[in-house]
Amino acid sequence: MRILVIGSGAREHALVHALTRDPSVTEIVAAPGNPGIAAQARAVPVDANSPDDVAALAEQVRPDLVIIGPEAPLVAGVADAVRAAGFPVFGPDGAAARLEGSKAFAKDVMAAAGVPTAMARVCTSEEEARDALDAFGAPHVVKDDGLAAGKGVVVTSDHDAALEHARGCLEGGVVIEEFLDGPEISLFCLSDGVTVVPLAPAQDFKRLLDGDAGPNTGGMGAYSPLPWAPDDLTEQVVERVALPTVQELARRGTPFVGLLYCGLALTSRGLRVIEFNARFGDPETQVVLARLLTPLAGPLLAAATGTLGDIEPLRWADGAAVTVVLASPGYPDAPRTGDVISGIERAESLPGVHVLHAGTASDGADGADGADAGTAGGEADSVRSAGGRVLSVVGTGADLAAARAAAYAGVAEIDWPGMQYRTDIAAQVV
């Protein structure tokens, strides 16, 4: 099976890394890729956000399956164009990807489907935003309605700071919600538009600094499994969240084909949806796929071709996985790039450790966090930072303590000037 993977971040590297372990996969083409991906796949250049360019590339590559990793191409309609060219695509079309592209749309779908979520108001003026903040009270939750690379949400008890963020989002619309207490969970679900198949749950860490301090980021680490989660969590999410959402989208004539990311809170009032994404989440993908024993290509192809109900139950490793994100100085506001990174090979020589590239480049090429940050020509003598989140160090082990120890042993081998990371990923569960 020849597979074309669209994207250039750690999520796409995790997908490629998993696909290399699948005996049914004969070739992986990644576009545009990054230096780490290029060591495991044939990397080729493309404008990942251009439907025409990606469809033309698919015509050249002739893949058996196209996997679209990032959210921006999905919202831009890249999946529509590739499907129209006659290729199976894992990833929703532009209409269904609005589930991530517009938080207001997602709230409307959840209301129609009876999915439990936070009370919210969609605001288009400062007066409406001020009224919503006063109505819900602190802590304030303010969300840019559109895509923001995981960094468009502010949670704060500072009314002025919340209002300031709301003002900056008013042009495209802003969603203000009640605060949801309780631990957060990420659950990925494969969907072919009818059938839903859950993956293993994970928890990520959004704040930049230890102790959940600092600004929100795209994610600074994750772990799986969740020993504290209810035994029936996955069944609850499928029954009350994922399946009703997929059914509602199908009823609207926009079937969801791909990965439905359910961001959840286990509140004092029960399960609530924080957000939906229309693709694999980063950094949770890094730990979820590290535990997956079932070869990856088959379930993704089944989702793309409407045969997900025919697959065998997914198999999972008994152990655990932890990932720690290494970020550039200045991330998330103004990351510095271009620094030479050392120690990646040393880290990967350690047992139970692999390193996934996100914002990296060769030969001093520059890029953005998680988007077009790579080069297509394979590994060079040096790898440089080229974005905000630069690397994900993944550790696996017999349990969370062993996986965490492996991940941080890998982190200790890697360095570049100003490198920053959290030291407390999964610390509270080991």
Side-chain angles (χ1 to χ4, degrees), residues 9-11 13-14 17-18 36 183-186 200-228 281-292 317-332 335 339-360 369-370 383 385 387-430:
R11 164 186 45 237
H13 195 178
H17 186 77
E184 296 185 13
I185 290 174
S186 300
Q203 185 176 63
D204 77 329
F205 294 74
K206 289 293 188 189
R207 298 284 188 171
L208 178 67
L209 304 174
D210 286 3
D212 288 330
N216 270 334
T217 72
M220 295 300 293
Y223 69 93
S224 179
L226 310 181
W228 47 267
D282 181 347
E284 298 98 320
T285 302
Q286 288 87 302
V287 293
V288 171
L289 294 187
R291 297 186 56 226
L292 181 64
D318 291 333
V322 172
T323 189
V324 180
V325 171
L326 308 184
S328 292
Y331 177 74
D339 292 309
V340 175
I341 303 167
S342 65
I344 296 175
E345 290 185 1
R346 291 195 303 273
E348 293 202 298
S349 71
L350 300 175
V353 177
H354 63 274
V355 179
L356 302 171
H357 291 230
T360 65
D369 180 29
V383 174
S385 61
R389 292 185 296 169
V390 178
L391 298 170
S392 288
V393 182
V394 183
T396 57
D399 54 27
L400 282 167
R404 185 174 188 273
Y408 279 104
V411 168
E413 297 294 337
I414 298 172
D415 187 44
W416 72 89
M419 179 183 87
Q420 57 175 331
Y421 61 93
R422 286 183 59 156
T423 66
D424 62 348
I425 304 300
Q428 293 185 339
V429 292
V430 299

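- Across A402 and A398, no two heavy atoms sit closer than the pair CB-N, 3.9 Å.
- Taking each heavy atom of L400 and A321 in turn, the nearest pair found is CD2-O, 4.3 Å.
- Counting only distance, with no hydrogens or angles, the side chain of Y223 and the backbone of A403 share no donor-acceptor pair below 3.5 Å.
- The backbone N or O of L356 sits nowhere less than 3.5 Å from a side-chain atom of H13 that would complete a donor-acceptor pair.
- Across every non-hydrogen atom of A347 and V353, the tightest pair is O-CG1, 3.3 Å.
- Using cut-offs of 30° and 60° on the angle between ring planes, the pair Y408 and Y421 is tilted.
- In this structure the side chain of W416 reaches within 4.5 angstrom of the side chain of P329, judged on heavy atoms.
- With sequence neighbours excluded, no residue forms a salt bridge (Lys or Arg N to Asp or Glu O under 4.0 Å) with R404.
- Minimum heavy-atom separation, P332 to T217: CG-CG2, 4.3 Å.
- Shown are I344, V355, V390; of these, the side-chain contact (heavy atoms from CB on, under 4.5 Å) with T360 is made only by V390.
- Checked by atom type and distance alone, the side chain of Q203 never pairs as donor or acceptor with a backbone atom of L226 at under 3.5 Å.
- In this view, R346 and E413 satisfy the salt bridge (Lys or Arg N to Asp or Glu O under 4.0 Å) rule, not counting sequence neighbours.
- Distance check: S392 OG to M220 CE gives 9.5 Å after rounding to the nearest 0.5 Å.
- Distance NE2/H17 to NE2/H357: 11.5 Å, rounded to 0.5 Å.
- By the side-chain hydrogen bond (donor to acceptor under 3.5 Å, both in side chains) test, S224 pairs with R291, sequence neighbours left out.
- Annotation for A222 and I425: closest pair N-CG2, 3.8 Å, computed over non-hydrogen atoms.
- Qualifying side-chain hydrogen bond (donor to acceptor under 3.5 Å, both in side chains) partners for T285, counting only residues two or more places apart in sequence or in other chains: none.
- Annotation: side chain of M419 is not in contact with side chain of L391 (no heavy-atom distance under 4.5 Å).
- Under the salt bridge (charged side-chain N to carboxylate O under 4.0 Å, His left out) criterion, the residue pairs touching residues 416-430 are D212-R422, R422-D424, with sequence neighbours excluded.
- Taking 4.5 Å as the limit, every side-chain heavy atom of L326 sits out of range of all side-chain heavy atoms of Y331.
- In this structure, the side chain of D210 engages the main chain of T423 through a donor-acceptor pair within 3.5 Å.
- When all heavy atoms of D204 and S186 are compared, the closest pair comes out as OD1-OG, 4.2 Å.
- Within the model, atoms CD1 of I414 and CD of E345 stand 11.0 Å from one another, a figure rounded to the nearest 0.5 Å.
- Judged by distance alone, with hydrogens and angles left aside, the side-chain atoms of T323 form a donor-acceptor pair with the main-chain N or O of V393 at under 3.5 Å.
- Of the possible donor and acceptor atoms, one in the side chain of R389 sits under 3.5 Å from a partner among the backbone N and O of G219.
- Counting only heavy atoms from C-beta outward, the side chains of D339 and S328 never approach each other to under 4.5 Å.
- Residues L209 and R207 are not in side-chain contact: their nearest non-hydrogen atoms beyond the backbone lie 4.5 Å or more apart.
- Considering only residues two or more places apart in sequence or on other chains, S342 meets the side-chain hydrogen bond (donor to acceptor under 3.5 Å, both in side chains) condition with none of them.
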